[in-house]
**Q** 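The structure that follows is given in the form of structure tokens.
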There are 2 protein chains.
Amino acid sequence: MNIGDVAERAGLPAKTIRYYEDIGLVTPQRAANGYRRFREADLHKLTFLGRARSLGFSIEDCRALLALYEDDSRASADVKRIAEDHLARIDRKIAELSAMRETLSHLVRACSGDDKPDCPILHGLENG
Amino acid sequence: MNIGDVAERAGLPAKTIRYYEDIGLVTPQRAANGYRRFREADLHKLTFLGRARSLGFSIEDCRALLALYEDDSRASADVKRIAEDHLARIDRKIAELSAMRETLSHLVRACSGDDKPDCPILHGLENG
DNA sequence: CATAGGGATTCCAGTCAATGGAAGGTCAAG
DNA sequence: CTTGACCTTCCATTGACTGGAATCCCTATG
């Protein structure tokens, strides 16, 4: 497979796949003309990466998950720890956004949104 | 005020304040020795910026909000529109994270987390 | 007066995870 | 032979800072 084919099948931009090779997540072979040549195993890895990234795992998490994915003698506890840590990060992020949402929605609700300058939103930003 | 004082009072790192000057959000005066000299109005702006940033507004939103803040003939509708747009972005982000959380927590719950290689998390990443 | 410290200055590089674009090489079809 | 779709590498940019180096300024003490 050339990069275009694997990109389509993995659902990732070719550019991203080149980047993943750059940082050592995949190591496709090369054809005589210099083109990358991807095998089925590469496609599996890229699909795996796409899914992990879409769940918000960092590239470094993905690297670790991929290593475990390829390691037949892994302990599922190692995978679970990474996933739980990430879940905790997600929860913290949601909490942070919810707090923002809470504050901001109060301000928005208080603002008449007309052509007059008086504005509770600006007032809130000014005075905490 | 020197940058250290205004940094402390605004609750922002000095480095961030220099950056904000760099991108034109504040324009402190300069003393004869080259030090930045901040007035009370600068402090207000920086405090305003800190609050807006902590609510997740982008720098460009902050720039627009600051312009409205300084414009006595503003319409509160303009402020409200920016805030509502941002609120919608927050909601989308929360929804996205919640979806990740949902998927991931299912996988985590299904994983025994022991020393055996069998792992529903990896399986889920492999097969969608 | 020398010096030590704490603060200030500028500039450059790095973060994260790509993404955009330029300049050029390769290949299959018509 | 040319066209157009692919592919290649390399460099720059994104957002919002943050870290660090090298240097300068000010004040206080010995």
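Computed from heavy atoms alone, side chains included, the values below leave out hydrogens, waters and symmetry copies. The sequence lines fix the lettering, A, B, ..., with proteins before strands; numbering per chain opens at 1. Just so you know, these numbers come straight off a predicted model, no measurement behind them.
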**Q** Provide the start and end nucleotides, 5' to 3', of the part of DNA chain C that has atoms under 4.0 Å from heavy atoms of chain A.
**A** dA17(C) to dC27(C)
**Q** Dump every N/O contact between nucleotides 16-18 of chain D and the protein below 3.5 Å, one line per pair.
**A**
| from | atom 1 | to | atom 2 | distance (Å) |
| --- | --- | --- | --- | --- |
| dA16(D) | OP1 | Ile59(B) | N | 3.4 |
| dA16(D) | OP2 | Ile59(B) | N | 3.4 |
| dA16(D) | O3' | Arg53(B) | NH2 | 3.3 |
| dC17(D) | OP2 | Tyr20(B) | OH | 2.6 |
| dC17(D) | OP2 | Arg53(B) | NE | 2.7 |
| dT18(D) | OP2 | Thr16(B) | OG1 | 3.0 |

**Q** Measuring from Arg36(B):CZ to Gln29(B):CD, what's the distance to the nearest 0.5 Å?
**A** 13.5 Å
**Q** Strictly below 4.0 Å: does Arg37(A) bring a side-chain N or O up to OP1 or OP2 of dT8(D)?
**A**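 No, no such contact exists.
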**Q** Under a 4.0 Å N-O cut-off, is there an ion pair linking Glu60(B) with Arg63(B)?
**A**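 Salt bridge: yes.
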**Q** Over 60° means perpendicular and under 30° means parallel, so classify the ring planes of Phe48(A) and Tyr69(A), tilted if in between.
**A**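 Tyr69(A) and Phe48(A): parallel rings.
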**Q** Does a side-chain N-to-carboxylate-O contact under 4.0 Å join Lys45(B) and Asp42(B)?
**A**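 Salt bridge: no.
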**Q** Describe the nucleic acid contact of Ile23(B) in one word from base, sugar-phosphate, nothing, applying a heavy-atom distance below 4.0 Å.
**A** nothing
**Q** Nearest-nucleotide wise, let me know which of Gly34(A) and Tyr35(B) is further upstream toward the 5' end of DNA chain D.
**A**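 By nearest-heavy-atom nucleotide position, the 5'-most residue is Gly34(A).
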**Q** Grab the CD1-P distance between Ile17(A) and dC7(D) for me, whole Å please.
**A**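 These atoms are roughly 10 Å apart.
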**Q** Calculate the interatomic distance between Asp5(A) atom CG and dC7(D) atom P; express it in whole Å.
**A** 7 Å
**Q** Give the rounded distance in Å between these two atoms: CZ of Arg89(B) and C1' of dG15(D).
**A** 13 Å
**Q** Are Phe38(B) and Asn2(B) close enough, and set up right, to give a side-chain contact (heavy atoms from CB on, under 4.5 Å), and what steps lead you there?
**A** CA-CA 6 Å; Phe38(B) 295 85; Asn2(B) 282 346; over 6 Å; no
**Q** Ignoring hydrogens and angles, tell me if any N or O in the side chain of His44(B) forms a donor-acceptor pair with the backbone of Arg39(B) under 3.5 Å.
**A**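 Here the side-chain-to-backbone pair does not exist.
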**Q** Write down the distance between CZ (Arg30(A)) and C1' (dC7(D)), rounded to a whole number of angstrom.
**A** 10 Å
**Q** Using a strict cut-off of less than 4.0 Å between a Lys/Arg side-chain nitrogen and an Asp/Glu carboxylate oxygen, indicate whether Asp118(B) and Lys116(B) qualify as a salt bridge.
**A**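 No, no charged N to carboxylate O under 4.0 Å.
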**Q** Answer yes when Glu21(A) and Arg30(A) have at least one side-chain N-carboxylate O distance shorter than 4.0 Å, and no when they do not.
**A** yes
**Q** Which angle, rounded to 10°, do you find between the first-five-pair axis and the last-five-pair axis of the helix from dC1(C)-dG30(D) to dG30(C)-dC1(D)?
**A** 40°
**Q** Which is true for Arg36(A) with a 4.0 Å heavy-atom rule: it touches a base, it touches only sugar-phosphate, or it touches nothing?
**A** sugar-phosphate
**Q** Does a salt bridge link Lys93(B) with Glu96(A), judged by any charged N lying under 4.0 Å from a carboxylate O?
**A**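 Glu96(A) and Lys93(B): not salt-bridged.
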**Q** In whole angstrom, what separates Glu21(A)'s CD from dT9(D)'s C1'?
**A** 12 Å
**Q** Do the charged groups of Arg89(A) and Glu84(A) touch, with an N to O distance under 4.0 Å?
**A**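 Salt bridge between Arg89(A) and Glu84(A), a charged N being under 4.0 Å from a carboxylate O: no.
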**Q** Give a yes-or-no answer on whether the side chains of Thr47(A) and Arg51(A) include a donor-acceptor pair shorter than 3.5 Å.
**A** no
